[in-house]
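Sequential numbering from 1 along the given sequence is applied to the chain's residues.
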Amino acid sequence: YAYAHYTGIHRDTKDLDLFIHRADFDRVATSLAKFGYHTELTFPHWLAKAHCGDIFVDLIFNSGNGLSPVDEDWFLNATTSEVLGEPVLVCPAEETLWSKAFIMERERYDGADVAHLIHARHAEMDWHRLLRRFGPEAHALHRFASGYTLGHALREMTHFRATVVDLCGKEGARLEGQEAKLLQAM
C-alpha cells in the first residue's frame with residue numbers, strides 16, 4: 001500500500017504488510033487472534049505471518065538481512081492516509097526505499113520499486129535522514145541514485161536523438177564523421 005501511496009503505481013498483492021516493532025509482536029498476534037487470525041513467527045529476526053482463510057498479513061519488524069529494523073523513526077516520519085475508511089500511518093517513503101534497496105535475490109529484486117520511489121518522491125525525500133539510515137551501506141543508495149540519474153539522462157538522450165533524426169530528415173541534411181557516430185551511439 002505504501003508503494004502505491006507514494007508512486008501512484010497500483011498492483012495486486014497477495015497480502016498486507018504491517019510494519020511493527022519487534023517488541024509489539026505478541027500484543028499484535030493476540031489482537032489478530034481475536035479476529036480469527038493464526039499467527040506464526042516465520043523468521044524471528046524479521047518476519048511473522050498471519051492468516052485467516054485466504055487473507056494474509058505480513059508483520060515486518062526488520063529486513064531479511066537485518067539492516068533495516070523498524071524503530072521509532074518509522075512511526076515519527078510516517079504519513080497519514082485512509083484504508084477501508086480507517087485512518088492509518090503509512091510507512092515513510094525513505095524507510096520504504098531503505099528496506100527495498102536490500103532486496104536483491106535470485107527470485108526477487110526490488111530495484112525497480114526503488115527507482116520508482118526515487119522518481120516519484122525525490123523532491124520530498126529527506127536525503128540526509130536516508131543517508132543516515134543506510135550508514136555504512138550508503139553505496140547501495142548511491143548505486144540506485146546513479147542508476148536513476150543515468151536512466152533520466154538516457155531518456156533525454158533518446159528524445160534528443162529522435163529530435164535530431166527528425167530535423168535531419170526534414171532538412172535533408174547528411175551527417176558525416178563524428179556526428180554520425182555520435183548519433184548511432186545514442
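- The cluster map of Ile, Leu, Val, Met, Phe, Trp and Tyr, joined by side-chain heavy atoms under 4.5 Å apart, puts Leu18 and Val88 in different clusters.
- Residues Lys100 and Asp113 approach most closely at NZ-OD2, 2.8 Å, considering heavy atoms.
- Aromatic ring centres of Phe75 and His21 lie closer together than 6.0 Å.
- No side-chain heavy atom of His51 sits under 4.5 Å from any side-chain heavy atom of Asp15.
- Under 4.0 Å is where a charged nitrogen must lie from a carboxylate oxygen, and between Arg133 and Glu95 at least one such pair does.
- Cluster membership for Trp127 and Leu131, using ILVMFWY side-chain heavy atoms within less than 4.5 angstrom, is shared.
- When every heavy atom of Ala78 is checked against every heavy atom of Pro92, the shortest pair comes out as N-CG, 3.6 Å.
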For this session: Could you walk me through whether Leu97 and Leu130 pass side chain to side chain contact (heavy atoms under 4.5 Å, CB included), step by step?
Result: CA-CA 9 Å; Leu97 188 154; Leu130 192 55; 4.1 Å; yes
For this session: Could you check Tyr6 against Thr79 for side-chain hydrogen bond (donor to acceptor under 3.5 Å, both in side chains), going step by step and ending with a plain yes or no?
Result: CA-CA 10 Å; Tyr6 292 119; Thr79 59; 3.0 Å; yes
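- Across every non-hydrogen atom of Gly36 and Cys52, the tightest pair is O-SG, 3.5 Å.
- The hydrophobic clustering, which links ILVMFWY residues whose side-chain heavy atoms are closer than 4.5 Å, places Ile55 and Ile60 apart.
- Only one option out of Asp17, Leu16, Leu32 pairs with Leu59 in a side-chain contact (heavy atoms from CB on, under 4.5 Å); it is Leu32.
- Smallest separation of non-hydrogen atoms from Glu105 and Glu107: OE1-OE2, 2.7 Å.
- Note on Ile103: it does not cluster hydrophobically with Val114, by side-chain heavy-atom contacts below 4.5 Å among ILVMFWY residues.
- Geometrically, Arg22 engages Phe61 in a cation-pi contact, judged by NZ or CZ lying under 6.0 Å from the ring centre and within 45° of the ring axis.
- Contact record, Ser99 with Ser68: CA-OG, 3.9 Å, taken as the closest heavy-atom pair.
- Within 6.0 Å of the NE2 atom in His128, the count of heavy atoms belonging to other residues, nucleotides or ligands does not exceed 12.
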Exercise. Side chain to side chain contact (heavy atoms under 4.5 Å, CB included) between Ser81 and Tyr1: does it pass, once the steps are laid out?
Worked result: CA-CA 10 Å; Ser81 188; Tyr1 180 80; 2.7 Å; yes
Extract all donor-acceptor atom pairs below 3.5 Å that involve side chains of residues 38-50 and protein atoms in other chains or at least two apart in sequence.
from	atom 1	to	atom 2	distance (Å)
His45	NE2	Gly64	O	2.9
Lys49	NZ	Asp58	OD1	2.9

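- Looking only at side-chain heavy atoms (C-beta outward), Thr80 and Val90 stay at 4.5 Å or farther from each other.
- Here the two rings, on Tyr37 and Phe56, have centers that are 6.0 Å apart or farther.
- Asn77 contributes a side-chain N or O that, together with a main-chain N or O of Asp73, makes up a donor-acceptor pair within less than 3.5 Å.
- Under the 6.0 Å distance and 45° angle rule, Arg11 counts as a cation-pi partner of Tyr3.
- Listed by chain and residue number, Trp74 satisfy the ring-ring contact (aromatic ring centres under 6.0 Å, His included) test with Phe19 (two or more places apart in sequence, or in another chain).
- Leu89 and Leu76 fall into different hydrophobic clusters, where Ile, Leu, Val, Met, Phe, Trp and Tyr residues are linked whenever their side-chain heavy atoms come under 4.5 Å apart, directly or through other members.
- Remark: side-chain polar atoms of Glu94 are paired, donor with acceptor, to backbone N or O of Asp126 under 3.5 angstrom.
- Taking the ring-ring contact (aromatic ring centres under 6.0 Å, His included) definition, one finds that Phe25 meets it with nothing, sequence neighbours left out.
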For this session: Go through the steps for Arg27 and Asp24 under the test side chain to side chain contact (heavy atoms under 4.5 Å, CB included), then give the verdict.
Result: CA-CA 5 Å; Arg27 186 172 56 83; Asp24 292 334; 3.5 Å; yes
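- Here the closest non-hydrogen pair linking Asn62 and Val70 is N-CG2, 4.1 Å.
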